[in-house]
Amino acid sequence: MNRADFGVIGLAVMGQNLALNVEGKAHTVAVYNRTAQRTREFIAQKAGDKSLIPTYSLGDFVNRLARPRKILLMVKAGAPTDAVLDQLFPLLNKGDIVMDGGNSHFNDTERRISEAEKQGILYLGVGISGGEYGALHGPSIMAGGHRKGYEAVKGILERIVAQGPEGPCCAYLGPSSAGHYVKMVHNGIEYAIMETIAEAYDLLKRGLGMRPVEMAEVFGGWNRGELESYLFEITVKILRYQDAETGEPLVERILDTAKQKGTGKWSTQSALDIGTPAPTIAMAVFARLLSSLKSERMQAEDTLPGPDPKFVDVDRDTFIKELFFAVSLTVITAYAQGFRQLQDASKERGYGLEPSEVARVWMAGCIIRAKLLVPIRQAFRERSDLPMLFLLQPFLAFLKEHHVGLRWVIAKAHDHGIPVPIMDSALDFLDGYRTGRLPANLLQAQRDFFGAHTYQRIDREGTFHTQWEES
Ligand code: NBP
């Protein structure tokens, strides 16, 4: 019987394209999907003369794989993934390799690794980024879990991922749930960058009165410079896209309610759990939540006071120039917070993450791929324990030169009542980080006043409590 050297479970958009990608690199791929019709359609439409083996039961799927089996799971995260694993594990043998390529929560991955270990299955939590196109042509893959399992699939993964300026965009990032944790923070940074771009769009639109095609020119110019990245590239294409029915820019016909699948929220929840400040990523999640209150916002627009959003006495070219710096600083801050979260999580969870390696894997294939990752990687190569990107060049010089621009843009936005929560949070984070004495002394006094929570002093050692008033 012809056996496959790779197997894919889950034939929605990601699974199909990854199966085709692996097959295209001279492998025979066995495929299985819960709903048989999807498998039939996939084979009928996409298989042609390809080396794909359709299977219609997990038992058959497992039997058609050469050992040790190499299986990639691309099903919906959460209960569906558990449902598949519950059926799959009993069918496998010691030494088989299971990769979960879905956006699984890192706690789920740790639990599944423990389950797999009982049977000697080599389990990998594998974050995959790049969407539908990346899955077919070259994604970025962030792997974690059983190292020996990774070594067994490394050759295949390196051939199917995007080839970046510094090699294939995949790596073993650490034990346990390291891969899924890094993917989660990747998505948190993605939320923040997307929201930053959306704020710039709003300022250009409502502040300067620009049309989408004009904005496309602005973003296109930025994308040819230091902000060159996938998210700016697609924004330019979106702004240029005309709706066939109305002849207007399609973006202006899209409902302004942002949905989410949860990875940004998880990233923020984990930042809170490990006690790392990542307010810009958190604010991007809250901004999406605020956007979901559409009907309330529509009512409030007629009720709550605020200034006219249209800028007066603002030179258009000057504003666009400063906005570039404001956006750049906010984007760098999102990366800075994300990398700091990864470093803190790595310490707490024992991942042993190498930030420069994470930057390398993000250089191509993934949604946050950007030219900026070149200096970011360099910074972490110089100092892998660098606590804050802005402490090193070229980021320090850029901040020195342009923080005034960020302040000015935010001030203009506030003067005109245009919300810029991500830019705000970035500036507040930077100002907080550079403030040697924050007003937290007053918080400590308040905590001690009402809860006898004690405080420390700056002029002597020890822990103190004060009876703040006569009882
Ligand atoms: P979906 O996330 O939409 O999942 C659909 C797949 O899950 C189908 O194969 C479906 O089988 C299967 N499935 C479900 Br739903 N419940 C199941 C169950 N109880 N038992 C067995 N199979 C079940 O597909 P996707 O968008 O291709 O994403 C796959 C994974 O990759 C997800 O974890 C996603 O978060 C992650 N991811 C997606 C992207 C992206 O751009 N879409 C990017 C990166 C990562 P059925 O056909 O029988 O319903």
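When a ligand or atom number is given, it counts from 1 through the structure's own listing order. All values below come from the heavy atoms of this structure, side chains included, with hydrogens, waters and symmetry mates left out.
Scanning R34, K261, Q87, R38 for the heavy atom closest to atom 20 (N) of ligand 1 points to R34. Evaluated by nearest non-hydrogen atom to atom 48 (O) of ligand 1, the leading choice among L85, L11, T35 is T35. Among C366, G10, P80, A12, the residue whose heavy atom lies nearest to atom 1 (P) of ligand 1 is A12.
Under the 4.0 Å criterion applied to side-chain N and carboxylate O atoms, R224 and E233 are not assigned as salt-bridge partners. Look at D5 and K70 and you find no salt bridge, because none of the NZ, NE, NH1 or NH2 atoms lies under 4.0 Å from a carboxylate O. Salt bridge annotation for R288-E195: absent, with no cationic side-chain nitrogen under 4.0 angstrom from a carboxylate oxygen. Using a cutoff of 4.0 Å between basic side-chain nitrogens and carboxylate oxygens, E41 and K46 are not scored as salt-bridged. Between R381 and E166, at least one side-chain nitrogen of the basic residue sits less than 4.0 Å from a carboxylate oxygen of the acidic one, meeting the salt-bridge criterion.
By the 3.5 Å distance cut-off applied to N or O atoms, N33 is counted among the residues near ligand 1. Checked against a 3.5 angstrom limit, the closest N/O atoms of V75 and ligand 1 fall inside it. Looking at ligand 1, you won't find any N or O of K183 less than 3.5 Å from one of its N or O atoms.
Ligand 1 places these atoms under 4.0 Å from at least one heavy atom of I128: 44 (C), 45 (C). For ligand 1 and M14, the ligand atoms under 4.0 Å from any heavy atom of the residue are 25 (P), 27 (O), 28 (O), 38 (C), 39 (C), 40 (C), 41 (O), 42 (N), 43 (C), 44 (C). Listed by atom number, the atoms of ligand 1 under 4.0 Å from G131 heavy atoms are 41 (O). Each of the following atoms of ligand 1 lies closer than 4.0 Å to a heavy atom of M74: 29 (C), 30 (C), 31 (O). For ligand 1, the atoms closer than 4.0 angstrom to any heavy atom of V84 are 20 (N), 21 (C), 22 (N). Within ligand 1, the atoms closer than 4.0 Å to a non-hydrogen atom of A77 are 33 (O), numbered from 1 in the order shown.
Assignment of S129 to the shell around ligand 1 is not supported, since no heavy atom sits closer than 4.0 Å.
Interatomic distance, L389 CG to F380 CZ, rounded to the nearest 0.5 Å: 4.5 Å.
Judged by distance alone, the side chains of Y201 and T235 never bring a donor and an acceptor atom under 3.5 Å apart.
Under the 6.0 Å distance and 45° angle rule, R340 does not count as a cation-pi partner of Y335. For the pair R112 and Y123, the cation-pi criterion (under 6.0 Å, within 45° of the ring axis) is not fulfilled.
Protein heavy atom in closest approach to atom 7 (O) of ligand 1: K76 N, 3.2 Å.
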